[in-house]
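Here the structure is a predicted model, which is why all the values come from computation and not from measurement. Every number for a ligand or one of its atoms is a count from 1 in the order of the listing. All heavy atoms count here, side chains included; hydrogens, waters and symmetry mates do not.
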Amino acid sequence: MRARLERDFDRFKRGLPRDFPAHVRETYGIDLTARYLGELVPHPIGKGSGQLSLNLGQLDDDAAAGLAFAVLKTVIAEDATGAQAMAAWAIHETKMKVERRRAGADREGWTVTWKGRGWDRPFGEYLALLRAGRDLTRAGRLLVVPSVKYHLPRLAEPFREDEYRHTTGLLADAWGDPPLLLEKDFSPTLAGDALADDRAQILRWLREVPGRIRAASPIPVRVAMKLMNARFDDRFQVEMMDTCTGADTLVVFNRLFDAELGVAFGGWDLSDRNLRVLETVQESPGLRPGSVVRLTPHASAGIPALTGTGNIGSGRMILEYARRGCESVQLHTFFQLPLSEYAATHGTRPERALHALVFHPQEGLIAGMLELEARRELERHDGELRFLDLPAHAHRAG
Ligand SMILES: Cc1cc2nc3c(=O)[nH]c(=O)nc-3n(C[C@H](O)[C@H](O)[C@H](O)COP(=O)(O)O)c2cc1C
């Protein structure tokens, strides 16, 4: 197997096989099937919302590379008059800087420094992109999901329901057949904003927003809440997860906020924090991801299914998230590195990234799963190692 993996890594530098998950299954007996927002996907690697999912060209490249899913850039909700309560997030900024970021004395990671926020073009253009994404999804080429920043009120204020209704209605119309899948973003700049100074206020958003979106949608909807890294301790981070029972999935967790520089950042500090919080959840009896029980249309208990994000640049890091309960992962920074950072010599960045994430003979997903098997931490069923066994057993293992 090792020798075969070395050979595959080498020959796929020029391009991945058209259906690489099928190749992995036949060659290594590894089933990479994963899950995102309740949908089975052929492997766990998707693209997170951001500057890399702004246009159809990017989505086409993602489909051709074989990404499992892509989340569109976050659009700012608006009402029928075009008013946006979160207009401060719809600012225009193009310049991004991919730079090294050090964590502690010895770990160099990558971060993207950028001062922009949400979608800054007309809402109609977002709907056109969503319709193109819907066509890719229907064709079985790439699961595409929109992302929205809806109004978040202060504690004493009501939610602006007209914004929820108008925006969700337009997205549902553009999508067509139910269910509508969508992410609600709680961004690092929100975490750094005065709006997020108050814990009770944040917890109210998490308790109420999924229900508001469901109530606003003319068709059945599955909601992923992309939680921010709040400026409070790890325990509050767990409390946020435990409060957000109305969601179908939690994306854990968006980037950190550097208050001094006024920018979001990633790198090792981000994955350290995310993995540490997920471990706390793992060790807490009664907090099992994917255990949500819907008691009534508006009340549920348990923790929703998890999707990981943050400093994922190797198959091994995907496994760290999976072993703490994540059924899939979404990346941004690793799709943006200088070409010299990828071992592959041909292909788009998503293709080169997949090559490293899956086939790297030491750091890749296949190598990592074979190693877990050798350590008897993952067993074959009907001759196959299954990626989804990792999140399913996260609690027993923990
Ligand atoms: C330049 C940039 C823009 C982003 N914009 C959004 C966004 O609009 N909505 C969102 O939910 N996440 C956004 N993200 C967060 C990413 O989707 C991802 O969750 C985060 O960067 C952590 O993953 P990474 O370490 O692989 O970059 C953005 C990230 C970057 C670097």
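Sorted by first and then second residue, the salt bridge (Lys or Arg N to Asp or Glu O under 4.0 Å) pairs with a member in residues 77-92 form an empty list; sequence neighbours excluded.
Remark: R165 engages E161 in a salt bridge (charged side-chain N to carboxylate O under 4.0 Å, His left out) (not counting sequence neighbours).
In summary, the aromatic rings of F334 and Y342 are positioned with their centroids under 6.0 Å apart. You'll find the ring centres of H355 and F9 inside the 6.0 Å limit.
Between the side chains of W89 and T189, a donor-acceptor pair is found at a separation under 3.5 Å.
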I'd like the atom pairs linking ligand 1 to the protein - N or O on both sides, separation under 3.5 Å - with distances to 0.1 Å.
| unit_1 | atom_1 | unit_2 | atom_2 | d |
| --- | --- | --- | --- | --- |
| ligand 1 | 5 (N) | K73 | NZ | 3.1 |
| ligand 1 | 8 (O) | K73 | NZ | 2.7 |
| ligand 1 | 8 (O) | T74 | OG1 | 3.3 |
| ligand 1 | 9 (N) | S49 | OG | 3.0 |
| ligand 1 | 9 (N) | T74 | OG1 | 2.6 |
| ligand 1 | 9 (N) | D185 | OD2 | 3.3 |
| ligand 1 | 11 (O) | D185 | OD1 | 3.2 |
| ligand 1 | 11 (O) | D185 | OD2 | 3.4 |
| ligand 1 | 11 (O) | K226 | NZ | 3.2 |
| ligand 1 | 12 (N) | S49 | O | 3.3 |
| ligand 1 | 12 (N) | K226 | NZ | 3.0 |
| ligand 1 | 14 (N) | S49 | O | 3.1 |
| ligand 1 | 17 (O) | S49 | N | 3.4 |
| ligand 1 | 17 (O) | S49 | O | 2.7 |
| ligand 1 | 17 (O) | K226 | NZ | 2.9 |
| ligand 1 | 19 (O) | K226 | NZ | 2.9 |
| ligand 1 | 19 (O) | T309 | OG1 | 2.8 |
| ligand 1 | 23 (O) | T309 | OG1 | 3.3 |
| ligand 1 | 25 (O) | N311 | N | 2.7 |
| ligand 1 | 26 (O) | H332 | N | 3.0 |
| ligand 1 | 26 (O) | T333 | N | 3.4 |
| ligand 1 | 27 (O) | T333 | N | 2.9 |
| ligand 1 | 27 (O) | T333 | OG1 | 2.6 |

N/O donor to acceptor pairs below 3.5 angstrom from side-chain atoms of residues 12-19, sequence neighbours left out:
| unit_1 | atom_1 | unit_2 | atom_2 | d |
| --- | --- | --- | --- | --- |
| K13 | NZ | D10 | OD1 | 3.2 |
| D19 | OD1 | A22 | N | 3.3 |

